[in-house]
Amino acid sequence: MDLKPLENQNVFDLSSLNNLRQQAIGAKSGQESDEALKKAAQQFEAIFTQMLLKSMRQANEAFEDKDSPFNASGVKFFQEMHDQQIATELSSNGSLGLADLIVQQLSPNAKGYTPASVIRTDAELNTDKLLGKVAQLPKSEVQDVEKEVISSEESSLFDSPKAFVEQVWDYAKSAAQKIGLNPEVMVAQAALETGWGKHVIKKTDGSSSNNLFNIKSDNSWTGDKAKKQTLEFEQGLPVKKQAHFRAYESIKDSVDDFVDFLQQNPRYEKALEKTSDSSTFLDELQNAGYATDPNYAEKIKNVLERADFKSMLGSIVRRGVN
């Protein structure tokens, strides 16, 4: 498909958007489709920029001298043409970056982009300091952010990682059987979310929320809640947010609700179909938007591969705690 005609299209002609769509549909290669998408995004950015400039001009009309020759209709006409040219140049040069964001969101080949519509009602990843680097930020910056997030809003339910694994194992084993998942995966995920039980969110009265998977509370949740500042990822960068989380009477209730949470949300169907393969299950869980951290699945896999984690599980089995 010849995309050269795209260069000659009027970026302010709304009908040309449909032409671009048709050309994208008829693209014979991925490169041609991506090019058509980029042109459509640039056109939208140019229209948006022109509207922005027009609004700025209109905002200044109250201060204009109506009798000034510089405010004549002819001058305004050429001024509008100049604004159109500016909008075109800004869009074609990528100065604003809006077109790039549109392409990143709409392209089927986009990587590392998580639209807000698929973000789970959970995600508290402040335990990254225990399990590796956060995204691609310098270590010093990550630690500064995490120190602010990890606060008195959290409580420690366990004396050590070993105590955490021993207490959670029985509940994880029982709950995991409902979906055919290896209980080790649930324990590792809870360890990542809470820093081996050291950072479990507290309720306003100071008691523990017992929320091991940091599932947020939405309008459908009728139980107790706990409020906390969280560290979530947007465009690969950590962002602090205030959020409400579910609170439970016990650790067992938290583990059981995690399974119910997955089963009641259609977007996790693919993940539940892959529970027999722990690695694929975690990948599908992340793909469905369970967490905002782009490395979430890999971090849980790293916990599963840790020698001390395997040793703790082996000790439980040998002692008959299973």
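Side chain of T194 to main chain of A190: a donor-acceptor pair is present (N/O by atom type, distance under 3.5 Å, no hydrogens or angles). S208 places no side-chain N or O within 3.5 Å of a backbone atom of K202 that could act as its donor or acceptor partner. Between the side chain of D277 and the backbone N or O of T280 there is at least one donor-acceptor pair closer than 3.5 Å. Looking at D205, its side chain does come within 3.5 Å of a backbone N or O of S207 through a donor-acceptor pair. Side-chain atoms of T49 come within 3.5 Å of backbone atoms of E45 as a donor-acceptor pair (strictly under, hydrogens ignored). No donor-acceptor distance shorter than 3.5 angstrom exists from the side chain of S217 to the backbone of K225, with no hydrogens or angles considered. Side-chain N or O atoms of E284 include none that pairs as donor or acceptor with a backbone N or O of K274 at under 3.5 Å.
Side-chain atoms of I316 and E166, non-hydrogen and from C-beta on, do get closer than 4.5 Å to each other. Two residues are said to be in side-chain contact when any heavy atoms from C-beta on lie closer than 4.5 Å; I215 and W221 fail this criterion.
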(request) Please test K252 against V255 for side chain to side chain contact (heavy atoms under 4.5 Å, CB included), starting from the C-alpha separation and ending with a verdict. (result) CA-CA 5 Å; K252 180 181 183 302; V255 177; 5.9 Å; no

(message) Assess the residue pair Q189 and Y296 against the criterion (side-chain hydrogen bond (donor to acceptor under 3.5 Å, both in side chains)); give the C-alpha distance rounded to whole Å, side-chain angles, the decisive distance to 0.1 Å, and a yes or no.
(response) CA-CA 9 Å; Q189 185 174 357; Y296 187 74; 3.0 Å; yes

(message) Let's go through K299 and D293 carefully: what are the C-alpha distance in whole Å and the side-chain angles of both, what is the deciding distance for salt bridge (charged side-chain N to carboxylate O under 4.0 Å, His left out) to 0.1 Å, and is it a yes or a no?
(response) CA-CA 10 Å; K299 289 179 179 179; D293 185 352; 2.6 Å; yes

(message) Please evaluate residues F48 and M51 with respect to the criterion side chain to side chain contact (heavy atoms under 4.5 Å, CB included), reporting the C-alpha separation (whole Å), side-chain torsions for both, the decisive distance (0.1 Å), and the verdict.
(response) CA-CA 5 Å; F48 174 80; M51 293 172 61; 5.5 Å; no

(message) Using the rule given for salt bridge (charged side-chain N to carboxylate O under 4.0 Å, His left out), can you reason through E298 versus K301, listing the C-alpha separation, both sets of side-chain angles and the distance that settles it, and then say yes or no?
(response) CA-CA 5 Å; E298 289 301 320; K301 294 176 187 179; 3.4 Å; yes

(request) Before giving the answer on side chain to side chain contact (heavy atoms under 4.5 Å, CB included), spell out for Q263 and L272 the whole-Å C-alpha distance, their side-chain angles and the decisive distance to 0.1 Å. (result) CA-CA 8 Å; Q263 292 179 322; L272 292 175; 4.2 Å; yes

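Separating the CG atom in L285 from the CZ atom in R267 is a distance of 9.5 Å, to the nearest 0.5 Å. Distance CG/L212 to CD/Q167: 9.0 Å, rounded to 0.5 Å. Taking CD of Q50 as the reference point, atom CG of D83 lies at 7.5 Å (rounded to 0.5 Å). In this structure, I201 CD1 and E193 CD are separated by 9.0 Å, a value rounded to the nearest 0.5 Å. Here the straight-line distance linking atom CG of L304 with atom CG of L282 works out to 6.5 Å at 0.5 Å rounding. With rounding to the nearest 0.5 Å, the separation of CZ in F164 from CZ in F309 is 8.5 Å.
For the pair M312 and W196, the tightest heavy-atom approach, listed with the atom from each and the gap, is CE-CZ3, 4.0 Å. Between A176 and M186, the closest heavy-atom pair is CB-SD, 3.6 Å. Here the shortest heavy-atom pairing between V168 and F158 reads CG2-CZ, 4.4 Å. The minimum heavy-atom distance between A226 and S209, with the atom names listed, is CB-CB, 4.1 Å. What you find for A188 and I300 is that their closest heavy atoms are CB-CG2, 4.0 Å. Of all heavy-atom pairs between R246 and K216, the closest is NE-O, 3.4 Å.
K54 NZ: 12 or fewer foreign heavy atoms inside a 6.0 Å radius.
Taking the centre of each ring, Y268 and F261 come in below the 6.0 Å mark.
Between D224 and K203 a salt bridge is recorded (basic side-chain N to carboxylate O distance below 4.0 Å).
Residues passing the side-chain hydrogen bond (donor to acceptor under 3.5 Å, both in side chains) test with E305 are K310, sequence neighbours excluded.
Of the N and O atoms on the side chains of N211 and Y248, not one donor lies less than 3.5 Å from an acceptor on the other residue.
Applying the side-chain contact (heavy atoms from CB on, under 4.5 Å) test between Y171 and each of V187, I251, D253 identifies I251 as the sole match.
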